[in-house]
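Report on the following structure.
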Amino acid sequence: MSDQAFYSGLQAKLETLRNDGLFKPERVIASRQGAEVVAQDGRTLINMCANNYLGLSGDEQTSTAAAAALEKYGYGLSSVRFICGTQTVHKELEQKLSEFLGTEDTILYAAAFDANGGVFEPLFDENDAIISDALNHASIIDGVRLCKAARYRYANNDMADLEKQLIAATEAGKRHKIIVTDGVFSMDGTIAQLDKIVELAEKYGALTMIDESHASGFMGKTGRGTHEHCGVMGRIDIITGTLGKALGGAMGGFTSGRKEVIETLRQKSRPYLFSNTLAPMIAGASLSVLDRISKSTELRDRLHENTAYFRKEIERIGFTIKPGTHPVVPVMLFDAPIAQKFAARMFELGVLLSGFFYPVVPMGQARVRVQLSAAHTREQLDTVLKAFEQAGKELGILKNQ
Ligand SMILES: *Cc1c(COP(=O)(O)O)cnc(C)c1O
């Protein structure tokens with residue numbers, strides 16, 4: 001406690017964040033997660049900003065499955081996986097995830113952040129090349145930093161640039177090349193062009209990896225993910241993803257792929273070797289979620305109906321959205337102060353939303369991001385749309401106004 005300059009330096013930096021409007025306050029919820037949540041002040045809000053795509057966070061069946069696993073396997077293991085932290089429920093979940101994703105084997109992590117953080121370094125070295133989309137998730141960027149492979153970056157979703165980088169890596173004589181992309185980019189709801197990526201990978205002898213955090217459980221006809229959506233199931237080398245979004249919403253992550261890849265990760269991946277095992281109640285609840293969505297596509301179908309309805313109606317009211325089909329719907333307001341005012345007004349009107357502006361999105365691209373859920377009722381969506389219309393009129397930002 002003798003270096004006062006350290007603490008006053010931090011205070012000054014925090015003050016700058018506040019003054020620049022970049023400080024991120026926490027919004028405290030006093031209820032379960034769901035289509036509606038209760039704020040700390042007791043107000044009920046319709047929640048339009050959770051990654052709760054299938055409505056399984058806070059869901060009764062999920063909680064019951066977690067409670068059953070808690071009862072059977074206990075609270076935790078006080079161990080990493082390879083010492084004494086592996087229970088039957090972990091092995092069952094790894095097998096079930098492999099079946100669901102159409103892969104050979106799967107390894108669990110405490111978070112997708114860890115899965116991405118621990119996937120590159122054990123598999124690639126300075127002789128290899130990682131070719132990464134410019135908008136990939138922070139955890140991929142950090143994972144790549146921990147690895148000695150050469151880094152190549154291509155412009156978001158730009159297949160011509162990807163090919164350029166593949167050529168550059170080939171000309172540099174790199175031994176193995178891997179193309180890495182988010183399956184879905186969460187700021188725009190953009191879906192990666194996996195059909196084209198797989199074609200390019202085959203043309204240049206490269207491997208492929210996708211992060212399915214915003215896709216597992218609901219993209220594709222039966223919810224397997226972006227690889228199903230794009231018709232390339234079985235042709236992706238490595239899939240990472242989270243159990244903390246659509247697949248139950250608690251926490252946990254995974255890496256899935258060929259046996260020898262997963263086995264290597266079990267031997268060498270640092271977040272797996274040096275961090276505690278996933279709590280058994282989360283593994284148990286995740287198993288129940290996978291069972292449920294493998295038996296019926298009802299939740300996935302309802303999510304996509306809600307998404308199509310919201311996308312159509314919000315445009316009819318006079319808002320501009322980024323076109324697409326994903327349940328992430330960026331409602332474009334362009335101007336940062338307007339986006340802030342808009343989100344604040346929506347909060348007063350009983351809708352929980354988040355605004356995004358520079359530097360999270362490019363300058364002049366400020367927006368509020370709506371995320372649909374299977375748990376939203378048509379009535380709730382209509383209430384939200386009315387609030388959008390009212391706030392839009394008040395701020396004078398509707399087309400044809
Ligand atoms: C949310 C997210 C992660 C992190 O997931 P956690 O399991 O919460 O660590 C990783 N990658 C992408 C693309 C994400 O959207």
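Side-chain atoms are counted along with the backbone in the values below, which use heavy atoms only and exclude waters and symmetry mates. Start at 1 and go down the list; that is how both ligands and their atoms are numbered. Not measured: the values here are computed from a predicted model.
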Open item on the list: With a 4.0 Å cut-off on N to O distance, would you call Asp291 and Lys96 a salt bridge?
Closed with: yes
Open item on the list: At less than 4.0 angstrom from any non-hydrogen atom of Ser139, what atoms of ligand 1 do you find?
Closed with: 10 (C), 11 (N)
Open item on the list: So that I can tick it off, tell me whether Glu389 and Lys386 are bridged by a salt bridge, with the cut-off set at under 4.0 angstrom between side-chain N and carboxylate O.
Closed with: no
Open item on the list: If you compare all heavy atoms of Ala201 against all heavy atoms of Thr208, which two are closest, and at what distance to 0.1 Å?
Closed with: CB-CG2, 3.5 Å
- [ ] Fit a plane to each ring of Phe342 and Phe319, take the angle between them on a 0 to 90° scale, and name the class: parallel (under 30°), tilted (30 to 60°) or perpendicular (over 60°).
- [x] perpendicular
Open item on the list: Does any part of the side chain of Arg32, heavy atoms only, come nearer than 4.5 Å to the side chain of Val37, both counted from C-beta?
Closed with: no
Open item on the list: Heavy-atom pairs closer than 4.0 Å: do any link ligand 1 to the side chain of Ala111, the backbone, both, or neither?
Closed with: both
Open item on the list: List ligand 1 atoms under 4.0 Å from His214, heavy atoms only on the residue side.
Closed with: 15 (O)
- [ ] Using a strict 4.0 Å cut-off to heavy atoms of Gly252, name the atoms of ligand 1 that fall inside it.
- [x] 7 (O)
Open item on the list: In this structure, does ligand 1 have an atom that sits under 4.0 Å from one of the heavy atoms of Lys245?
Closed with: yes
Task: Distance-only N or O hit between ligand 1 and Asp211, under 3.5 Å - done: yes
Open item on the list: Between the side chains of Arg270 and Glu121, is the shortest nitrogen-to-carboxylate-oxygen separation below 4.0 Å, so that they form an ion pair?
Closed with: no
Open item on the list: Between ligand 1 and Gly241, can you find any atom pair, the residue atom being a heavy atom, that is separated by under 4.0 Å?
Closed with: no
Open item on the list: For Tyr53 and Phe218, take the angle between the two ring planes, folded into 0 to 90°, and tell me which bin it lands in: parallel under 30, tilted 30 to 60, perpendicular over 60.
Closed with: tilted
- [ ] Do me a favour and list the nearest non-hydrogen protein atom to atom 9 (O) of ligand 1 with residue, atom name and distance?
- [x] Phe113 N, 2.9 Å
Task: Closest approach of any protein heavy atom to atom 8 (O) of ligand 1, naming residue and atom - done: Thr242 OG1, 4.1 Å
Task: atom 6 (P) of ligand 1 [closest protein heavy-atom partner, distance rounded to 0.1 Å] - done: Ala112 N, 3.5 Å
